[in-house]
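Worksheet for the structure shown next.
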2 protein chains.
Amino acid sequence: MNIGTAARLSGISAKMIRHYEELGLVAGRRLLNGYRDYGESDVATLRFIRHARALAFPLEDVRKLLALWGDRNRASADVRRIALDHVAALEGKAQAMQAMASSLRHLAKHCCGDDRPDCPILDELEKTL
Amino acid sequence: MNIGTAARLSGISAKMIRHYEELGLVAGRRLLNGYRDYGESDVATLRFIRHARALAFPLEDVRKLLALWGDRNRASADVRRIALDHVAALEGKAQAMQAMASSLRHLAKHCCGDDRPDCPILDELEKTL
DNA sequence: TGTGGGGCTTCCCATTATGGGAAGGTCAAG
DNA sequence: CTTGACCTTCCCATAATGGGAAGCCCCACA
């Protein structure tokens, strides 16, 4: 099947499929006319990638997960470690953002928010600290 | 003062100061020898930028905040709106990440994590859904 | 058989914010 | 005068995605 069909079936844009091929995540078989050719297993791979990306796994992790996925002798511990490391990264970033949001919310609470210039938010950003 | 000094005083790398100048966030005065020249107020501006970036304000927001900071007739409501919009964005992303982390944690909990191949994490990523 | 439209190809550029590194000019101290 | 630290600009890289152009290909329809 052509790339457009694979894109529709997998939910990944043709643009991205080409990109993933460049990164070596999906096969790059070609027909005589130069068109890329895909089969059901390629679509399955693309869907796997889509699901992994939906969980925000970086493509480097996706590469490792694909390798483990295709390895009949894999140890589930390897998958688990990649996943838990990623969870830790996600939670770290989420907490950092939540902390910034809280700081700002606190500042905004003390900002009258009318047409006068006084503003603790700007005061805070101005601080020499 | 030279860019290196301003970098030390502001906590922003020389590289980034040049970048901010290119974006029009800081002044670009030059000495006769072509060196950039900074004063105390420039350092204050750079510090303002650093504090805003520490709260993850995108540079476009920083540009607006700098304009408001320098406007004696600003309305604090304008600052407040920028801040609260940013808070909403931060919280949205944080929640999305937290949700992904929770899903993954749930999957990992049911993954024995030994040297056997069975792995609900990969099963989930493989799903046709 | 010719043609039009849609799909495919590659290549370049943009995003957001940051940094590395090279090649070359400048300044100050020894 | 030399040396080393500093400055300049320019190019490249990161992560993931997308837009768009130029050009080739294929099928269906008149």
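Chain letters run A, B, ... following the sequence lines, proteins first and then strands; every chain starts at 1. As a basis for the values below, the full set of heavy atoms in this structure was taken, side chains included, without hydrogen atoms, waters or symmetry mates. Note that this is a predicted model, so its numbers are computed, not measured.
With sequence neighbours excluded, the residues forming a side chain to side chain donor-acceptor pair (under 3.5 Å) with B/R105 are A/E91, listed by chain and number. Applying the side-chain contact (heavy atoms from CB on, under 4.5 Å) test to B/R30 and every residue at least two apart in sequence or in another chain returns B/E21, B/R36. For B/H19, there are no ring-ring contact (aromatic ring centres under 6.0 Å, His included) partners at least two apart in sequence or on another chain. For B/D71, the side chain to side chain donor-acceptor pair (under 3.5 Å) criterion is met by no residue, not counting sequence neighbours. The side chain to side chain donor-acceptor pair (under 3.5 Å) check on A/K109 picks up nothing, with sequence neighbours excluded. Remark: A/E22 engages no residue in a side chain to side chain donor-acceptor pair (under 3.5 Å) (not counting sequence neighbours).
Remark on the helix from C/dT1-D/dA30 to C/dG30-D/dC1: inter-end axis angle 40°, axes from five-pair C1' superpositions, rounded to 10°.
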Query raised in the report: Checking side-chain contact (heavy atoms from CB on, under 4.5 Å) for the pair A/L59/A/Y20: CA distance, chi angles, key distance, verdict?
Result: CA-CA 9 Å; A/L59 290 179; A/Y20 293 157; 3.8 Å; yes
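The CD1 atom of B/I49 sits 12 Å away from the P atom of C/dA17 (whole-angstrom rounding). The distance from atom CG of B/L25 to atom C1' of C/dT16 is 13 Å, rounded to the nearest whole Å. Taking atom CZ on B/R63 and atom P on C/dA17, their separation rounds to 10 Å, with Å as the unit.
Contacts of residues 84-91 of chain A with DNA chain C (heavy atom under 4.0 Å): none.
Applying the ring pair (Phe, Tyr, Trp, His ring centres under 6.0 Å) test to residues at least two apart or on different chains, the pairs with a partner in residues 100-128 of chain B are B/H106-B/H110. Screening residues 39-98 of chain A for ring pair (Phe, Tyr, Trp, His ring centres under 6.0 Å) gives A/F48-A/W69, A/F57-A/H86 as the qualifying pairs, with residues at least two apart or on separate chains.
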Report summary line: B/S/- along nucleotides 4-17 of chain D (protein heavy atoms under 4.0 Å) is --BSBB------SB
Compile the donor-acceptor pairs under 3.5 Å between side chains in residues 3-14 of chain B and protein atoms, sequence neighbours left out, one pair per line.
residue: B/S10; atom: OG; partner: B/A6; partner atom: O; Å: 2.7
residue: B/S10; atom: OG; partner: B/A7; partner atom: O; Å: 3.4
residue: B/S10; atom: OG; partner: B/I12; partner atom: N; Å: 3.2
residue: B/S13; atom: OG; partner: B/M16; partner atom: N; Å: 3.1

